[in-house]
Amino acid sequence: MSAASGDRRRGKGLAGVTAVVVGVVLVLAGVAGWTLFGGGEDNEPAGTNAIEGAQWYRVVPQSFDLTVVASGELQAAEQTEVKSEVEGRVAIVEIVEEGTFVEKGEVLVRLESSNIAEKVEQEELNVETARTEMTTAEQELEIERNESASEIRDAEVKLQLAELDLAKWEEGEVVQKRRELQLALEKAERRLERAKEDLAYSQQLYDEKFISFSELDGDIVEEIEAIAALETAKLDIDVYEKYAFQRDKKENETSVDQARDALENTKRNAEQSISGDQARLTSRIRRYRIRDERLTELKEQLEATTIKAPEAGLVIYKSSVGPRWQRQDPIRQGRQVGENETILYLPDTRSMVAAVRVHEALLSDIAEGQPATVTIDASSGPPLTGEVASVAVMAEDGGWLNPNLREYLVQVSLPQEAAASLKPGMRASSEIIVGRVDESLAVPLQAVHAEGETNYVYVDAGRGVRRQPVTLGASSEAFVEIADGLSEGDRVLLRDPRPGEVTDS
């Protein structure tokens with residue numbers, strides 16, 4: 001597909017819009033054409049020029065640009081938006097004069113700060129108190145850890161001593177006691193054996209009349225005592241094993257168990273105490289951090305009451321731009337501003353763009369990089385040349401005055417050398433070249449009439465004029481392409497026909 005046919009397709013898209021508004025446009029164009037081409041005098045100079053006199057136009061192939069005309073205002077290509085970062089609403093104490101060019105770092109606005117300064121002082125006291133409480137909690141935790149460690153060591157020592165006493169009793173005292181009792185038993189048994197042997201020998205001597213009965217009686221008593229000593233030794237062993245050993249064993253094992261339980265209780269109590277102190281310290285640390293963060297925020301808020309220029313630029317108040325209804329509360333000293341509310345702009349006037357608004361019906365023909373001309377209302381110089389730099393994604397409505405209007409903001413870049421004489425906010429209009437018709441039959445817009453969905457022109461019929469239906473193609477601000485209905489050389493009327501001038505043939 002050729003570039004010309006592509007442009008024609010875009011032009012046919014415009015023809016739909018033209019058909020809707022052609023009634024109004026043609027009336028206005030007819031009046032303009034009437035003035036432009038000299039009124040109603042018949043004037044047919046010789047030759048084949050496209051425009052033949054004041055009333056007639058000879059149809060010939062020609063080329064013309066397809067343009068979209070939009071109006072708007074100048075803006076800096078880049079600008080810095082200066083907002084209030086102070087919480088709530090605060091009054092402007094001092095503000096730089098609008099129109100002043102400031103350098104980076106210069107003070108732009110001073111906001112009321114006495115209330116924030118008082119909060120900073122109070123919060124500094126709160127931070128010091130929180131820091132003291134946090135330090136105290138740290139010390140208490142350290143003391144509790146040391147005391148708990150000492151108590152645990154004491155309990156561990158007591159358990160070790162109890163275990164040593166149990167081992168000493170089991171491996172020493174019990175063995176020694178059993179040896180003593182066994183020795184006593186053996187001695188009692190030996191004594192009884194000796195007593196029996198002595199008694200038997202004494203009984204033999206007594207029977208043989210070698211000793212007296214008293215001597216025999218002494219050995220009898222000795223035997224009785226030996227038997228009693230043996231029974232006592234056996235009883236001691238039995239009593240020890242059944243009672244004394246069990247009692248001593250229970251006492252020593254109980255001492256170990258009690259020492260072990262005491263150690264566990266000491267550890268649990270230490271954990272609870274340390275955990276409580278740790279929780280208290282954590283709470284104090286959190287409170288201190290919250291207070292410190294709040295103090296930092298307040299200091300940032302206090303610092304934010306002095307707004308400095310982030311970049312160099314020309315000072316323009318927020319209330320000086322935008323719709324008129326937004327300017328009812330102008331930026332000035334004493335006015336209150338809210339958080340994140342824009343106070344002023346710092347446009348970089350070294351690079352300017354024309355921000356124009358295009359109706360949504362024409363947006364499909366607009367694309368970045370398209371050439372355009374920009375006329376500045378306040379400038380008497382020739383139009384500036386540029387190109388489409390950006391097309392907005394979202395539409396803007398017409399506000400409460402025209403809520404159904406949908407327009408898109410289109411930025412047209414301007415030559416950098418022209419920026420020195422331009423200022424943001426200047427009214428401007430732009431013609432954006434969206435396509436081109438090459439060597440096609442075309443007529444001036446004022447020659448076309450509409451009745452419902454039918455477009456027609458009045459062609460020369462010799463005596464009078466004849467109504468000729470036509471199919472429209474692409475159109476510009478002055479010409480419209482004729483896709484069908486006319487031939488090269490036809491003459492069309494540039495005004496409304498007079499009464500009786502229209503013929504049926």
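Quick note: numbers below take in every heavy atom, side chains included, and nothing from hydrogens, waters or symmetry partners. Each residue takes its place number in the sequence, starting with 1.
Applying the side-chain contact (heavy atoms from CB on, under 4.5 Å) criterion to Glu147, with sequence neighbours excluded, gives Ile143, Glu144. Scored by the side-chain contact (heavy atoms from CB on, under 4.5 Å) test, Glu488 finds Pro61, Leu441 as partners (sequence neighbours excluded). With sequence neighbours excluded, no residue forms a side chain to side chain donor-acceptor pair (under 3.5 Å) with Arg463. Under the side chain to side chain donor-acceptor pair (under 3.5 Å) criterion, Thr471 pairs with no residue at all, not counting sequence neighbours. Applying the side-chain contact (heavy atoms from CB on, under 4.5 Å) criterion to Thr129, with sequence neighbours excluded, gives Glu133. Every residue meeting the side-chain contact (heavy atoms from CB on, under 4.5 Å) condition with Thr342, not counting sequence neighbours, appears here in chain and number order: Glu81, Lys83, Lys318, Tyr345. Contacts of Phe101 classified as ring pair (Phe, Tyr, Trp, His ring centres under 6.0 Å), with partners at least two apart in sequence or in another chain: none. Checked against side chain to side chain donor-acceptor pair (under 3.5 Å), Tyr288 has the following partners two or more places apart in sequence or in another chain: Arg131. Remark: Tyr317 pairs with no residue by the ring pair (Phe, Tyr, Trp, His ring centres under 6.0 Å) rule, at least two apart or across chains.
Residue Arg406 holds its CZ atom at 10.5 Å from CD of Glu396, rounded to the nearest 0.5 Å.
Screening residues 88-108 for side chain to side chain donor-acceptor pair (under 3.5 Å) gives Glu94-Arg110, Glu98-Ser320 as the qualifying pairs, with residues at least two apart or on separate chains. Among pairs with a residue in residues 370-385, none fulfils salt bridge (Lys or Arg N to Asp or Glu O under 4.0 Å), at least two apart in sequence or across chains.
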Atom pairs and distances, side-chain donor-acceptor, residues 300-310, under 3.5 Å, sequence neighbours left out:
unit_1, atom_1, unit_2, atom_2, d
Gln301, OE1, Glu87, N, 2.6
Gln301, NE2, Glu85, O, 2.9
Thr305, OG1, Leu302, O, 2.4

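A salt bridge does not link Glu140 with Arg284: none of the charged nitrogens is closer than 4.0 Å to a carboxylate oxygen. Ionic pairing of Asp292 and Arg289 is not present here: no N-O contact between side-chain nitrogen and carboxylate oxygen is shorter than 4.0 angstrom.
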